[in-house]
Each structure stands twice: as structure tokens, then as C-alpha cells.
Amino acid sequence: MAIQALFRMGRGARFDIDEFDSPNGSYLASRPHDRVVFSPLSLASLAGFLPIALFGILAGAVVDRLPLKRVLIGADLFIAAVGAALAIASLAGSLPAWLILIALFLRAVGTSFYTPASQSLTPHLAPPEHLVRLSGVTQAIQSGGYILGAALAAVIYPVAGITAMIVLDVLGALFASLAVLAAQIDAGGLDEADRSLSFSNKVRELFSEISDGYKLIREYRGLFALLWCGFVFAFAFSPLAALFPIMTLGHFGGSTGDAALVEILFSAGMLAGSGILAATGGFRNRSFTMVAAIAGFGIAAIVSGSLGPSLFAAFLPVSFLMGACSPLYAGTQTALMQEQIPPEYLGRVFGLYGTIMAWAMPMGLAAPSVFADLLGAPLWFVGSGATMVLLAMAMLLAPSVRNAGKRDTGQIQ
């Protein structure tokens, strides 16, 4: 999800915010960028999130109008086509930076449709009482894919180079398309009367539906507040995503191997947190699960920033803890919206959520890109952690947020 994507992009513009689309292949294709052309706070990060920030709401409305199976397959094939074009270009030699930026941008366009479609599909496949656990299972698969992808990248890239890795990404997207094609999915889409409208009327209807989706989420006061809580959390986390390697290499004086170990432990923490969510479903009140996850992440970040240069060994379990907290928050947030929002509006709601999170990333990275050297990475960890703790306290004190997380409430809160 967004947090996992931000964490990897901070390590040199590695980019993948697909939630279900072949995590191994996507990670493999994006990994070489940190070794080739991009620094942590680079244009590649913006290229990956800008389409979602600009088109996410519109893409969500399109998702609600089309059969979900068609959207999923179309997005996968589009991503595969982008990868195939990049692989062909790589045969001519080193890939220029501008071409990789374009590829990242176009992949994100496909993702802006794929993500809300996949999130909208889940409630059609599972009963509401199992959505949180299913979200945990999904994130566990994704986190495991990241770990496996990192291991495969370390083996394949030195031997076969970037072209082979991009080809694996293409094959992964094609496999995902075939899997969706074979599945029995009959969800989404408009009735015949809506399909007969002229193009101009369809455009007007589309923008009217965007407005209807926003009005709907506004009626769910708790969920609407949680959208903006997600913005604050992503805003506070995005500097940490960029500064993790700086903490390891600069503050602790570690090696690139140490930085890789931190990443592996963070990913392993995500896998553990996903497993906890899948096994337990979290607290009975969903909001308490999110509050605990954000507070836990914030406290761990404060501890990280407070460690002395000789305490790298203590930074390792704290990184694991931060990783474990991220799926507990993100998975619960996703399931909560799936439980309460009518299915015909989910594309627009998740499109809005993705847009809000996408705008939080560059805003959160702006200050560290200017002041990181002046203030130092540890201070940013402490400041971001304190922001998260304050956010958790505000969520706990807000009645609308507390009520939104109650499992036995199907009504508007």
C-alpha cells in the first residue's frame, strides 16, 4: 500500500504501489533505479505518484462505471505494455533518465485504475466480517513478495542485467491478467440505459458521479476524518522513507549492507504485522487498531531518532516494529471503508483516498529535501514520530473516529 510504496521509493526511487499485481515482478523492475540514476529525493518519486495525485479521483469514477474484471485486466495489460517498451529500449544500451521517468509515470497511470478496482472488488468476494482478516492476508502476500523480490533482484541483476528484470515484470503483469481472466468475476458496471448515453452525456455523468462520491464520503463523518488522518500520517512518514538509508549510512556509520538489512527487517515487520491482522482481525473497534498502529510507529520513530551513533543494533528491532505497525494501520483503514461504503461508490472513495495519500508524499518530502543536512536525520525521526503520536491522540479523542471503527455499526457515522 501507500506506506510500503513510500518506504521503497525512499531507497532510491524504487516504485510500486500496486497492491495485488505481481509484487515480485514489479519490485524487480523498479529496483535497479536506485543503482542507475536516481537519488533518494528524486523526480522518480514524483513521477510515480503524480498520476495518482492528478487522476486518482477521475480513475475511481471510471472504475465505478466499468466491470471490475475489465478494469483489472486493462490496467495489467497497460502496465505490461509499458514494461515491454522499456525492455526493448534497454536492449539498445543504458536507459536514459527521462525514459525511466516516463515509464514510471505511465505505470502509475495504470496503477491509478488498478488499485481502486482491486480494493472495490474485495467486498464482492468476502463477507464484511472477514474483510479485515483478508486485508491482512493480502498485505502478507505483498510483503512476502517484496522480500522475495529483493532476494531475486540481488541474484538476477548482476547476472542478467536490467532487461531480464523488466521482462520478469512484464511476465508478472501478463500472468496477473490471465489469472483475472480465468476467475469468475461479475461485479461493477452500469446498466444498459447508462451505456446508451452519448459521449458528452457520459462525461457529464462522470463528473456528476465524482461529486456524488465526495458528498457520500462527507456523510460518513468518521471515515471522512480518517481520510485526512491518513494524509497526516503519510505526510509524517514520507520524510522517514527518504531518511532511513541516511540514518544507517550517516548517523550510525553503517554500510550499504547494513542499510539493506534495515530494509529487510522493515519488510519482515510488515509481514509479521500482516500476519497478526490476518490472525486476529485487530481490536473489536477498528479505530483502536489504527490508533495503536500509528502510536506504535510514532514511538518507534522517536526511539530511533534518540539512539546514539553506536546503537545501530538497537535500530534494527525498532525498524522491525515500524514495519509491523504499517499494515495494522493501512489494512484496517482499507477494510473499514470496504465494510461501510456501498460497493457502487467504492471506486470513487478509494480514488479519493489514493489522491489524498499521493499529495501527502511530495509535501512531506519537500522540507527534508531542503533542510535534512541542516537538521540531521535523527531530528526528523523524532519530529515525525511526535507528529504521529499527537495524531493518534487526536484520533482517540475524536468521537466520530471512535464510532466509525465499531464493528456493529453499519449506519452512517
Margin query: Applying the side-chain contact (heavy atoms from CB on, under 4.5 Å) criterion to Arg286, which one of Val401, Val132, Leu226 satisfies it?
Written below: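 The residue from Val401, Val132, Leu226 that satisfies side-chain contact (heavy atoms from CB on, under 4.5 Å) with Arg286 turns out to be Val132.
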With no hydrogens and no angle check, is any side-chain donor or acceptor of Thr115 less than 3.5 Å from a backbone partner on Ser112?
no
Quick check for you: to the nearest 0.5 Å, what is the distance between [X] atom [atom1] and [Y] atom [atom2]?
{"X": "Arg402", "Y": "Leu396", "atom1": "CZ", "atom2": "CG", "answer": "6.5 Å"}
{"X": "Tyr114", "Y": "Ile73", "atom1": "OH", "atom2": "CD1", "answer": "10.0 Å"}
{"X": "Leu390", "Y": "Ile294", "atom1": "CG", "atom2": "CD1", "answer": "12.0 Å"}
{"X": "Met322", "Y": "Ser304", "atom1": "CE", "atom2": "OG", "answer": "3.5 Å"}
{"X": "Leu121", "Y": "Leu68", "atom1": "CG", "atom2": "CG", "answer": "5.5 Å"}
{"X": "Leu216", "Y": "Ser211", "atom1": "CG", "atom2": "OG", "answer": "11.0 Å"}

Where does the angle between the aromatic ring planes of Tyr214 and Phe224 fall among parallel (under 30°), tilted (30 to 60°) and perpendicular (over 60°)?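 It falls in the perpendicular class, over 60°.
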Exercise for the section: Measure the acute angle between the ring planes of Phe315 and Phe312, then classify it against the limits of 30° and 60° as parallel, tilted or perpendicular. Expected result: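 Aromatic pair Phe315/Phe312 classed tilted.
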Where do Phe381 and Ile302 land on the side-chain contact (heavy atoms from CB on, under 4.5 Å) test, with the steps shown first? CA-CA 6 Å; Phe381 268 74; Ile302 293 173; over 6 Å; no
Test of ring centre spacing under 6.0 Å for Phe78 and Phe113 =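 No, the ring centres sit 6.0 Å or more apart.
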